[in-house]
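Accompanying notes for the structure given below.
As the structure is a computational prediction, the values presented were derived from the model and not from experiment. Chain naming here is simple, since letters A, B, ... match the order of the sequence lines and numbering starts at 1 in each. Scope of the values below: all heavy atoms of this structure, side chains included, with no hydrogens, waters or symmetry mates.
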There are 2 protein chains.
Amino acid sequence: MENTRVEDLRNILKEKGIQPSYHRLKILKYLMENKVHPTVDMIYRGLSAEIPTLSKTTIYNTLNLFAEKGLVAVLTIGERETRYDINVQPHAHFKCESCGRVYDLWDVKLDVSGAVPEGFEISRVELYIKGICANCRKGS
Amino acid sequence: MENTRVEDLRNILKEKGIQPSYHRLKILKYLMENKVHPTVDMIYRGLSAEIPTLSKTTIYNTLNLFAEKGLVAVLTIGERETRYDINVQPHAHFKCESCGRVYDLWDVKLDVSGAVPEGFEISRVELYIKGICANCRKGS
DNA sequence: ATGGCTTCTTGTATTAAATACAAAGTTAAA
DNA sequence: TTTAACTTTGTATTTAATACAAGAAGCCAT
């Protein structure tokens with residue numbers, strides 16, 4: 001949960017050069033209020049009550065646009081699902097193999113300088129850690 | 001290219017508790033001689049000349065078995081393709097966004113101790129770096 | 001406002017990766 | 001040799017994602 005006044009949402013989109021249409025605002029709002037790194041399907045199910053006519057294609061279009069403009073980060077941590085993170089600051093992710101939840105990790109010391117050979121140019125770094133979360137360990 | 005005598009291949013499978021069937025040996029051999037982190041489709045195309053009756057399902061079955069037994073690592077570096085790495089020693093990967101090639105990176109200093117909260121249990125760490133490789137930079 | 005242009009959204013069709021599953025084939029063991 | 005267990009195959013199915021054309025909505029100038 002967060003400050004999601006429509007005016008703020010509009011400005012976020014405008015700053016990235018994205019026209020603030022109704023659906024785009026709703027999807028952005030959803031991402032900011034549901035920071036669980038949702039899949040397209042989760043967003044669809046979350047919004048279709050409020051917007052019954054919403055099409056999945058619109059969500060795909062919108063997220064691809066957001067990703068292009070650097071407004072969301074694309075996570076391929078799951079084998080068969082693309083997830084979207086509204087927080088584009090560099091950080092790592094932990095996926096629990098029991099409950100499937102994806103957690104943000106901010107305390108990873110990662111030094112990629114000198115990681116790639118001479119002449120290679122880095123544009124993005126993705127660090128995925130998998131295992132069992134504390135919740136699921138307690139449960140079992 | 002590498003030492004891929006059939007006897008060695010048999011032993012590798014046996015050590016992991018995998019019955020060394022004809023197809024499994026062929027797929028293992030392919031992985032050891034083509035260390036490009038191939039997709040299922042690449043393996044299929046690479047082997048179907050030699051084994052015309054080979055089914056893709058067999059490759060899926062075999063790779064899932066290999067992964068279960070810890071003989072290959074599963075890479076989800078691409079958005080829409082699963083790749084397989086016969087080298088299961090911990091190392092990072094670089095994917096060139098121009099030519100699509102996946103390179104091994106052995107010089108990354110990565111310290112994940114203290115990265116996850118109390119009570120979390122780590123089973124795997126995947127580090128993906130994306131950008132443009134030296135080859136493609138020269139080309140353009 | 002009205003018409004016309006651009007942009008956005010929708011829905012259907014399509015592609016492609018991956019799995020399910022039952023039948024056929026093969027191997028190993030009794 | 002017969003039986004049981006395992007492996008492979010092929011078809012059908014599922015599902016994520018894209019393509020694309022038609023429709024809807026917003027925007028601008030006259």
Side-chain angles (χ1 to χ4, degrees), chain A residues 6 9-10 13-14 16-30 37-69 71-84 95 100 102, chain B residues 6 9-10 13-14 16-30 37-69 71-84 95 100 102:
Chain A
V6 180
L9 296 173
R10 292 192 109 79
L13 292 183
K14 276 184 182 162
K16 296 285 181 179
I18 301 170
Q19 296 249 13
S21 78
Y22 175 75
H23 295 81
R24 289 171 181 169
L25 289 166
K26 285 293 185 190
I27 291 170
L28 176 60
K29 182 164 181 261
Y30 182 90
H37 319 88
T39 63
V40 163
D41 201 61
M42 288 163 75
I43 300 171
Y44 179 72
R45 279 180 285 134
L47 287 179
S48 58
E50 192 184 353
I51 317 172
T53 67
L54 181 64
S55 160
K56 257 189 189 175
T57 303
T58 298
I59 303 177
Y60 278 108
N61 289 339
T62 302
L63 290 174
N64 285 340
L65 180 67
F66 284 6
E68 243 172 63
K69 300 289 189 178
L71 186 54
V72 296
V74 179
L75 307 184
T76 59
I77 191 171
E79 229 121 304
R80 199 110 196 70
E81 54 179 14
T82 302
R83 289 167 169 270
Y84 297 88
K95 173 159 188 178
V102 174
Chain B
V6 179
L9 296 172
R10 291 192 109 78
L13 291 183
K14 275 184 181 159
K16 295 285 182 180
I18 302 170
Q19 296 250 10
S21 78
Y22 175 75
H23 295 81
R24 288 170 183 170
L25 287 166
K26 286 293 185 189
I27 291 169
L28 176 58
K29 183 165 181 260
Y30 182 90
H37 320 87
T39 61
V40 164
D41 201 61
M42 289 164 75
I43 299 171
Y44 179 72
R45 279 179 285 133
L47 287 178
S48 58
E50 193 184 354
I51 317 171
T53 67
L54 181 64
S55 160
K56 256 189 191 176
T57 304
T58 299
I59 303 178
Y60 278 108
N61 289 340
T62 302
L63 290 173
N64 285 341
L65 179 67
F66 284 6
E68 244 173 61
K69 300 290 189 176
L71 186 53
V72 297
V74 179
L75 307 184
T76 59
I77 191 171
E79 229 121 302
R80 199 109 196 69
E81 54 180 12
T82 303
R83 289 166 170 270
Y84 297 88
K95 173 161 189 178
V102 174

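At least one side-chain nitrogen or oxygen of B:Thr82 sits closer than 4.0 Å to the OP1 or OP2 atom of C:dA18. A close approach under 4.0 Å does not occur between any side-chain nitrogen or oxygen of A:Tyr60 and OP1 or OP2 of D:dT18. At the phosphate of C:dT26, neither OP1 nor OP2 sits under 4.0 Å from any side-chain N or O atom of B:His23. Between D:dA17 and A:Asn64, no contact under 4.0 Å exists linking OP1 or OP2 to a side-chain N or O. The phosphate of C:dT9 (OP1 or OP2) has no side-chain N or O of A:Thr57 nearer than 4.0 angstrom.
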Check step by step if salt bridge (Lys or Arg N to Asp or Glu O under 4.0 Å) holds for B:Lys29 and B:Glu50. CA-CA 13 Å; B:Lys29 183 165 181 260; B:Glu50 193 184 354; 5.3 Å; no
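Between the NZ atom of B:Lys56 and the C1' atom of C:dT19 there is a distance of 14 Å, rounded to whole Å. At whole-Å resolution of the value, CG in A:Leu63 and P in D:dT18 are 10 Å apart. In this entry the distance linking CZ of B:Arg83 with P of C:dA17 reads 12 Å, nearest Å. Here the C1' atom of nucleotide C:dT7 and the OH atom of A:Tyr22 are 18 Å apart, to the nearest Å. Spacing between atom CD1 of A:Ile59 and atom C1' of C:dG11 amounts to 14 Å, rounded to whole angstrom units. Rounded to whole Å, atom C1' of D:dT7 lies 17 Å from atom CG of B:Leu28. Atom-to-atom, CZ of A:Arg80 to C1' of C:dA16 comes out at 9 Å; the value is rounded to the nearest Å. For the pair B:Met42 CE and C:dA17 P, the interatomic distance rounds to 13 Å; values are reported in whole Å.
Residue contacts shown for A:Asn61 include a base, since a base heavy atom lies under 4.0 Å away. Residue B:Ser21 is in sugar-phosphate contact alone, with no base atom involved, counting any heavy-atom pair closer than 4.0 Å across all strands shown. Nucleic acid contact for B:Thr53: sugar-phosphate only, since backbone atoms but no base atoms lie under 4.0 Å from a heavy atom of the residue. B:Thr39 comes within 4.0 angstrom of no nucleic acid atom, judged by non-hydrogen atoms across all strands. Heavy atoms of B:Gln19 sit under 4.0 angstrom from primed sugar atoms or phosphate atoms, though from no base atom. Here B:Arg24 lies in heavy-atom contact (under 4.0 Å) with sugar-phosphate atoms only.
Rounding to the nearest 0.5 Å gives a distance of 10.0 Å between CG of A:Leu75 and CD of B:Glu79. Going from atom NZ of A:Lys16 over to atom CD of A:Glu68 covers 13.0 Å, rounded to the nearest 0.5 Å.
Using a 4.5 Å heavy-atom cutoff, the side chains of A:Leu71 and A:Leu13 are in contact. When side chains are defined from C-beta on, B:Lys26 does not count as touching B:Leu9, because their heavy atoms never get closer than 4.5 Å.
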